[in-house]
Amino acid sequence: MANTAHVHAADAVGETRRDFLQYTTIAMAGVGGVMMVWPLINSLNPAADTLALSTTDVNISGIGEGQRITVVWRGKPVFIAHRTAAEIDAANKVNVSELRDPQPDSARVKKGKEAFLIVEGSCTHFGCIPQGMKTTEPRGEFGGWFCPCHGSVYDTSGRIRKGPAPENLHIPPYAFTSDTTVRIG
Ligand code: FES
């Protein structure tokens, strides 16, 4: 019984602590969001020295499942997609031998971080920026990206599936430097 009473008392304190922890977590998520957006805004008007930087660090903790963000690396757009389980599944179900640029999804993502697809946002036909970063934009029939310039269609692994583009969306060099940070370049 003494234990039970102790637990109740601890619970009362625990409630307050939990509230505090929740608020702290929410506040940190807010900060994470700002940190995620900052590199994007900062690199939209790159100074010469920024352009010369070979790496871009991105905080990915604020990218929810199903969300996609664009960051700029060396003056070029890079798409970061936090894929849903259905999107990953669709990417893995493809018969690779039938692809124009045959590549399994596993060769286009990092092991253990399969949810994150990171590709250069440049159509491999003539370099237009494909649409599909917002859910309101057309993504084509394979749910990835659609390039309106001449109708190239990419899947959820960024692989070319239809249209004139000869290759899959290119993968920039990158590495996860922590659970929440990716370094591009
Ligand atoms: S540049 Fe994308 S289809 Fe031509």
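Both counts, for ligands and for their atoms, begin at 1 and track the order of listing. All heavy atoms count here, side chains included; hydrogens, waters and symmetry mates do not.
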**Q** Might you confirm whether atom CG of Leu99 has over 12 heavy atoms from other residues, nucleotides or ligands at distances under 6.0 Å?
**A**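 Result for CG/Leu99: enclosed.
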
**Q** Taking disulfide (SG to SG under 2.5 Å) as the cut-off, I'd like each qualifying pair that reaches into residues 153-185, sequence neighbours left out, listed once.
**A**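 Not a single pair qualifies under disulfide (SG to SG under 2.5 Å).
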
**Q** Which residues pass the salt bridge (Lys or Arg N to Asp or Glu O under 4.0 Å) test with Asp89, not counting sequence neighbours?
**A**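 Only Lys93 meet the salt bridge (Lys or Arg N to Asp or Glu O under 4.0 Å) criterion with Asp89.
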
**Q** List in chain and number order the residues that pass side-chain contact (heavy atoms from CB on, under 4.5 Å) with Phe116, two or more places apart in sequence or in another chain; answer none if no residue qualifies.
**A**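 Testing Phe116 for side-chain contact (heavy atoms from CB on, under 4.5 Å), a comparison that skips the adjacent residues, returns Ile60, Ile80, His82, Phe176.
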
**Q** Going by chain and residue number, what protein N/O/S atoms come nearer than 2.8 Å to atom 2 (Fe) of ligand 1?
**A**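 Protein N/O/S atoms under 2.8 Å of atom 2 (Fe) of ligand 1: Cys123 SG, Cys147 SG.
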
**Q** Without swapping roles, check the side chain of Asn168 against the backbone of Asp101 for a donor-acceptor pair under 3.5 Å.
**A**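 Looks like yes, one N/O pair under 3.5 Å.
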
**Q** Crowded around Asp179 CG? As in, over 12 foreign heavy atoms under 6.0 Å?
**A**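 Incorrect, the count does not exceed 12.
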
